[in-house]
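Right, one structure below, let's go through it.
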Amino acid sequence: AQKVTQAQTEISVVEKEDVTLDCVYETRDTTYYLFWYKQPPSGELVFLIRRNSFDEQNEISGRYSWNFQKSTSSFNFTITASQVVDSAVYFCALTDTGRRALTFGSGTRLQVQP
Amino acid sequence: DAGITQSPRHKVTETGTPVTLRCHQTENHRYMYWYRQDPGHGLRLIHYSYGVKDTDKGEVSDGYSVSRSKTEDFLLTLESATSSQTSVYFCAISESGSGLNTEAFFGQGTRLTVV
């Protein structure tokens, strides 16, 4: 069975601080995809990024960056110079080869204080 | 934005009554999913569909059934609602293509309260 663990339940930072959200996963599949989704206070789920199991190149997109390390089964997400609008619940998720369904972590609530 | 509509958006129902939630898509995507979101659990898969009349169970399928008679519609039925089914329900769609690299798009969610 697959599992995604987001050990940080809630993080509070002050605006302009950098913050890293941790994600650790377990899977027996050799091919899989990892995702990050954002759920702002309005409730919708917004796709942020996907990364496949064969591509460990880390990515930067504006203030967002992702660090995928297969050796430690981690897929961490960093927000640089956080802003109040980054306040949301962030979910890490993993696909499986059979159902193509997502297994989600329990989420990390990020609060950015002005 | 992906064309996914969930209805109703909010519902309050009594214990023991049947409830049906509808998910409608305009993207012609093959895969459709129902998840429930509860505090401390993230989103958990209830049922999914990989084509018309092709459905299967997820991790938390007890007390739920689904049907997909058309590509665009995926119905979730609570056969006899219980208070433990109070939750926010999300529908999602994805196009499998030739791999796993398609992200899922989510509906706006349905907040269901069973009293």
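Within every chain, numbering begins at 1; the chains are lettered A, B, ... in the order of the sequence lines, protein sequences first and strands thereafter.
Under a cut-off of 6.0 angstrom, the local environment of CZ in A/Arg63 is crowded, with over 12 non-hydrogen atoms contributed by other residues, nucleotides or ligands. When the shell of 6.0 Å around CZ of B/Arg44 is examined, it contains more than 12 heavy atoms from other residues, nucleotides or ligands. For B/Glu14, the CD atom sits in a loose shell: 12 or fewer heavy atoms of surrounding residues, nucleotides or ligands are nearer than 6.0 Å. Counting non-hydrogen atoms of other residues, nucleotides and ligands closer than 6.0 Å to NZ of A/Lys16 gives a total of 12 or fewer.
Put simply, B/Ile93 and A/Val46 are part of two different groups of oily side chains (I, L, V, M, F, W, Y) that touch within less than 4.5 Å, one to the next. Linking ILVMFWY side-chain heavy atoms closer than 4.5 Å, directly or via other members, places B/Tyr31 and A/Phe47 in a single hydrophobic cluster.
B/Gly40 and A/Ser106 make their closest contact through O-CB, 3.5 Å (heavy atoms, listed as atom of the first residue, atom of the second, distance). When all heavy atoms are compared, the tightest approach of A/Leu45 to B/Phe106 is CD1-CD2, 3.6 Å.
Put simply, CZ on A/Phe104 and CD on B/Gln37 are 9.0 Å apart, with the number rounded to the nearest 0.5 Å.
For a residue to count as touching a neighbouring chain, one of its non-hydrogen atoms must lie under 4.5 Å from one of that chain's; by this rule A/Gln6 does not touch chain B.
Two residues are said to be in side-chain contact when any heavy atoms from C-beta on lie closer than 4.5 Å; B/Phe90 and A/Glu44 fail this criterion.
Counting only distance, with no hydrogens or angles, the side chain of A/Tyr37 and the backbone of B/Ala104 share a donor-acceptor pair below 3.5 Å. A donor-acceptor pair under 3.5 Å links the side-chain atoms of B/Tyr35 to the main chain of A/Leu102, judged by distance alone.
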